[in-house]
Amino acid sequence: MTTERYNPRAVEPRWQKAWDEADLYKTETDAPGEKYYVLEMFPYPSGRIHMGHVRNYAMGDVVARYKRAKGFNVLHPMGWDAFGMPAENAAMQNKVHPAKWTYENIDTMRAQLKSMGLSLDWSREFATCDVDYYHRQQMLFLDMLEKGLAYRKKSKVNWDPVDMTVLANEQVIDGKGWRSGAEVESRELVQWFFKITDYAEDLLAALDQLPNWPDKVRLMQKNWIGKSEGLMVRWQLAAETAPADMSELTVFTTRPDTLFGASFLAVAADHPLAAKAAESDPALQAFIEECRRTGTSAEALETAEKKGYRTPIMAVHPFDPDWKLPVYVANFVLMEYGTGAIFGCPAHDQRDLDFARKYDLPVTPVVLPPKEDPTAFSIYSEAYDGEGTLYNSRFLDGMAPAEGFEAVAKRLEHTDLAGSPQGERKVNFRLRDWGVSRQRYWGCPIPVLHCESCGVVPEARENLPVKLPDDIDFEKPGNPLDRHPTWRQAKCPKCGGEARRETDTMDTFVDSSWYFARFTAPKADEPTDPQAANAWLPVDQYIGGIEHAILHLLYSRFFVRAMKACGHLDLDEPFKGLFTQGMVVHETYRDGREWVSPADVAITEAEGKRSAKRLSTGSEIAIGGIEKMSKSKKNVVDPDDIIASYGADTARWFMLSDSPPDRDVIWTEAGVEGAFRFVQRLWRVLGEAAPHVAGADAAAISDNEAAMALRKVAHRTAAGVAEDIERLGFNKAIARIHEFVNGLATHLAGLSADSDPSLKAAGHEALTILVKLIAPMMPHLAQECWQVLGHDGFVAAKGWPAIDESLLVDEEVTLPIQINGKKRGDLTVPAAASKADIEKAALESDVVQRALAGGEPKRLIVVPGRIVNVVV
RNA sequence: GCGGGCGUGGCGGAACCGGUAGACGCACGGCACUUAAAAUGCCGAGCCGCAAGGCGUGCGGGUUCGAGUCCCGCCGCCCGCACCA
């Protein structure tokens, strides 16, 4: 019989409509089943979805559908990370209002996502630019302000002169703005901050409680938080050399054990001591100016030579009043870290060594590496920072560095200097507070007022939301809210007098720091419904790009802590499981200097060499490297085109099949076609067998050998695919399904209406299992096949195949026989065979007999179920 | 510079605890069906060799009955951080 080709263009929209009408993917918090929250990072509504989205959402959808089949009550929502610069850029370039631009993009992208057939609960959808959402974000801000977690301070900021806004440190890449690419300048402004440093210790420690996160991401966060334990040491300044009112200098060090190797002190150019010393020293003033200039770009810092300026100031060594060290102002000391002052121990720190060599300072080794002769050991051009024994260090001599640390700390903690201890243990973090002020229009307004008489006043809760004005002018650069004729004018909620609105809006990372919580009760009046939040959170499986390994994930972890402190939820960590998927990459093509889109390229292959022609012009073009899909290189493939020609299932299947999900996947035309061929093959195999197995007598299922063989394959595949999906090994699950279908094609080849009833029953069962296995990945095809097999309802609402454990065990196993570790034959024995039985059988086998040639084996290794190795 | 990861056929990749290396897919070759092509089905294929056999998981060593997997030393590629005291 013939089966019509499967036509996704007709089938997919039909089932999407049916699922919609049945509210199939709508989630209720109190529905039965253990909760499971699967979430993919929500998209920025840039205009159209791209293949990266397809891959990300296909993965999440497989997990959601699989968990649903396993009986979980699954929450799988979707929304829009909708505030941000591109909307304003569009407004400036095309004179479209940011809101209109954004909501139109959302409409387009929602339709695209719907065409993918994702099992999302769309009733929970929101955009972060919805007044409803940012209203609650403003409530959170006020709560955080009250708890002291939001505050204002004057700070040096990274100013992006193109976007005319402030950037977080993390948004500055190589001294350039992450979005505009413009050289970032340094400016002083009063900014709003979130006190993420309050949680530095906890954010670090709790990383150990996240076993289902990639080690890589945990490590990146650990490095970012940058904890270091050290000692604050106060150095007395030699009175005759010190500037007036300055008698001491505090230094932070993680190596107090090397204190006897110190040969200089250095302070940052911005250090008060430097400023003081410069008052009477124009040359120093000039040096400080020079440091500030090179200090603006990170690039310059990298290449900048380590330079210092020797002040006349001398510091007194904490353990020897007669030992005085020079104080330098140095360009490599950062005011932002520690105390902005260091002591240099050249023998055991490369940077200090470089500095000491340049300025001819003493280099005294104080840590003797193991097995070195103390009289012979010296430092030349490389500092020694390894373990060893302290020497040249008076009371520390003979100690290990860690013991030396303790000894110095104890002694200085108990040494009095001007009425307080000279040393104090201190934990330092690299992490800084999160600057959230942005001088932009398209963001969540910070709900605060500036009153002439009351100062900075939070907006009253009943006055929220502070809505963005609709009438806005984008003709000029800078913050449009600043220029608005009336929006800024408001009444002070405290005194009722004239007040001025804060015109800063929040960093869009704030929006994405709690959306996962909002999804649990998207219509709640308060930011969350704590009951719903506590029921659903944490997110069991979060899936997204590695590019958010630090910022978004760290901010979200902070927000959960802040929200807990404010009573909005009771949760320690937002994301229990995290998975970072790889990118979608594609070959590049260029015609001279111009990039050419894959849609305009024809590849031919002759004698193993691939060459490319441009379709529109027929000209020969160059095949370039495989790179991340990007508009600039034109190596993009539009999901709409793929779905239109092959269907969503094919696109999803291919995205999941080729590469492990955490690695990059190469999009190739041949690959998609392969996926599409598989769709057709499966449809054909199933379609041809279906009429013969319809109405098979289920009771007869295990009656004959062929039927049992088929059942074994089916049940094993089901068990294997489940295991693969649990581990997010989608590529392996797919390989297994391929094998299954290959096997089915053979098993069911000669099937007819007259076939053995048990075989027909087993065939029906196997096909039903197959459909359930592909359902998470190819939901439309699965549903269509479900119907062909004569089943009712939606396969998406059915359970995972029940696995008959007895079918997973073999009666016989085939063991490889090795002679001297090389495989030389096979041995089939009963699965229950004892070690002795296997030994006997092995020794009797032809291969072993031949290898022994009448002699005795030197050794015989038998690992039941695994291997036999004969050493001769 | 520091930290992390990865090197397996022509390609993407399998191989879970040290136990049959190369599953599955792509590309390729052969055959069948066809007037022909496409589509489809079947078969083949790590490399060398007619074969027997030998060699094979970046390179060199080691542990082990047995190493892609563990250890040591190199080489190459990718990613993150980068004057952090």
Going by the rule ring-ring contact (aromatic ring centres under 6.0 Å, His included), which residues pair with F260(A) if we only count those two or more places apart in sequence or in a different chain? H317(A), F319(A), F395(A)
For atom CG of D349(A) and atom P of rC2(B), their distance in whole Å: 13 Å
Residue R5(A), side-chain atoms from C-beta onward, closest of rA39(B), rA23(B), rA14(B): rA39(B)
All pairs passing side-chain hydrogen bond (donor to acceptor under 3.5 Å, both in side chains) where residues 210-219 of chain A contributes a residue, at least two apart: D215(A)-R218(A)
Could you tell me which residues satisfy ring-ring contact (aromatic ring centres under 6.0 Å, His included) with F654(A), sequence neighbours excluded, listed by chain and number? W667(A)
Taking atom C1' in both rA45(B) and rC11(B), compute the distance separating them and give it to the nearest angstrom. 15 Å
Out of rU20(B), rA85(B), rG41(B), which has the shortest distance to the side chain of L334(A)? rA85(B)
Does rC17(B) count as syn, meaning its glycosidic angle lies within 90° of 0, or as anti? syn
Here's a test of your reading of the structure: between I734(A) and G340(A), which maps to the more 5' nucleotide of RNA chain B? I734(A)
For RNA chain B, report each stem as range with range, ordered by first number, or say none. Use Watson-Crick or G-U wobble pairs under 3.5 Å, at least 3 in a row. B:1-7 with B:75-81, B:10-12 with B:24-26, B:28-32 with B:40-44, B:46-48 with B:53-55, B:58-62 with B:70-74
In whole angstrom, give me the gap between the P atoms of rU35(B) and rC42(B). 22 Å
Would you mind classifying the nucleic acid contact of K858(A) as base, sugar-phosphate or nothing, using non-hydrogen atoms under 4.0 angstrom? nothing
Taking atom CZ as the centre, does R430(A) end up with more than 12 heavy-atom neighbours from other residues, nucleotides or ligands that are less than 6.0 angstrom away? yes
5'-most contact on RNA chain B: P816(A) or E336(A), nearest heavy atom basis? P816(A)
Rounding to an integer number of Å, can you tell me how far D354(A) CG sits from rA85(B) P? 16 Å
Could you check whether R425(A) pairs with E229(A) (Lys NZ or Arg NE/NH1/NH2 to Asp/Glu carboxylate O, under 4.0 Å)? no
Mind calculating the distance between NE2 (H738(A)) and P (rA14(B)) to the nearest angstrom? 15 Å
Suppose you measure atom C1' in rG41(B) against the same atom in rC48(B); what distance do you get, rounded to whole Å? 33 Å
Pairs touching residues 250-263 of chain A that satisfy salt bridge (charged side-chain N to carboxylate O under 4.0 Å, His left out), sequence neighbours left out: R255(A)-D257(A)
Sugar-phosphate only, base, or nothing, as touched by V333(A) at under 4.0 Å among non-hydrogen atoms: base
Mind checking if D352(A) touches a base, just sugar-phosphate, or nothing, with heavy atoms under 4.0 Å? nothing
Pairwise salt bridge (charged side-chain N to carboxylate O under 4.0 Å, His left out) hits with a residue in residues 654-683 of chain A, at least two apart: none
Length of the CD1-C1' vector between I546(A) and rC79(B), whole Å: 9 Å
rG54(B), rC16(B), rA85(B): which one has an atom nearest the side-chain heavy atoms of R727(A)? rC16(B)
N223(A): what forms a side chain to side chain contact (heavy atoms under 4.5 Å, CB included) with it, not counting sequence neighbours? L219(A)
Please give the distance between the C1' atoms of rG1(B) and rG56(B) as a whole number of Å. 38 Å
Roughly how far apart, to the nearest Å, are rC71(B) and rG7(B) at atom P? 14 Å
May I ask you to decide if the ring planes of W683(A) and Y6(A) are parallel, tilted or perpendicular, using 30° and 60° as cut-offs? tilted
Figure out the CZ/C1' separation between F730(A) and rG12(B), and round it to whole Å. 18 Å
Using side chain to side chain contact (heavy atoms under 4.5 Å, CB included) as the criterion, list what pairs up with A347(A), not counting sequence neighbours. V363(A), P365(A), I379(A)
Measuring only the P atom in each nucleotide, how far is rC16(B) from rC70(B)? A whole number of Å is fine. 11 Å
For S657(A), which contact category applies under a 4.0 Å heavy-atom criterion: base, sugar-phosphate, or nothing? nothing
C1' gap between rG9(B) and rC47(B), integer Å: 9 Å
Protein-nucleic acid N or O pairs under 3.5 Å, nucleotides 26-30 of chain B:
residue	atom	partner	partner atom	Å
rC26(B)	OP1	R677(A)	NH2	3.2
rA27(B)	OP2	R677(A)	NH2	3.2

Between E587(A) and Y589(A), a side-chain donor and acceptor under 3.5 Å: yes
How far, in whole Å, is rA14(B) from rG22(B) if one measures between their C1' atoms? 8 Å
Checking rA23(B), rU20(B), rG4(B) against the side chain of L219(A) (C-beta onward), the nearest is rG4(B)
rG9(B) glycosidic conformation (syn if within 90° of 0, otherwise anti) is syn
Checking K823(A) now: which residues fulfil salt bridge (Lys or Arg N to Asp or Glu O under 4.0 Å) with it, not counting sequence neighbours? D826(A)
Grab the CE-C1' distance between M583(A) and rC78(B) for me, whole Å please. 10 Å
note: R681(A), atom CZ; rC24(B), atom P; distance rounded to Å ~ 12 Å
Test of understanding: with side chain to side chain contact (heavy atoms under 4.5 Å, CB included), list the residues that count as partners of R234(A), not counting sequence neighbours. E248(A), T250(A), L417(A), A418(A), S420(A), Q422(A)
Side chains of T197(A) and D433(A): is there a donor and an acceptor less than 3.5 Å apart? yes
Output a table of nitrogen or oxygen pairs between the protein and nucleotides 64-71 of chain B separated by less than 3.5 Å.
residue	atom	partner	partner atom	Å
rC65(B)	OP1	R859(A)	NH1	2.7
rC65(B)	O2'	N869(A)	ND2	3.3
rC65(B)	O2	N869(A)	ND2	2.5

Between P on rA39(B) and CG on N7(A), what's the gap in Å once rounded to a whole number? 18 Å
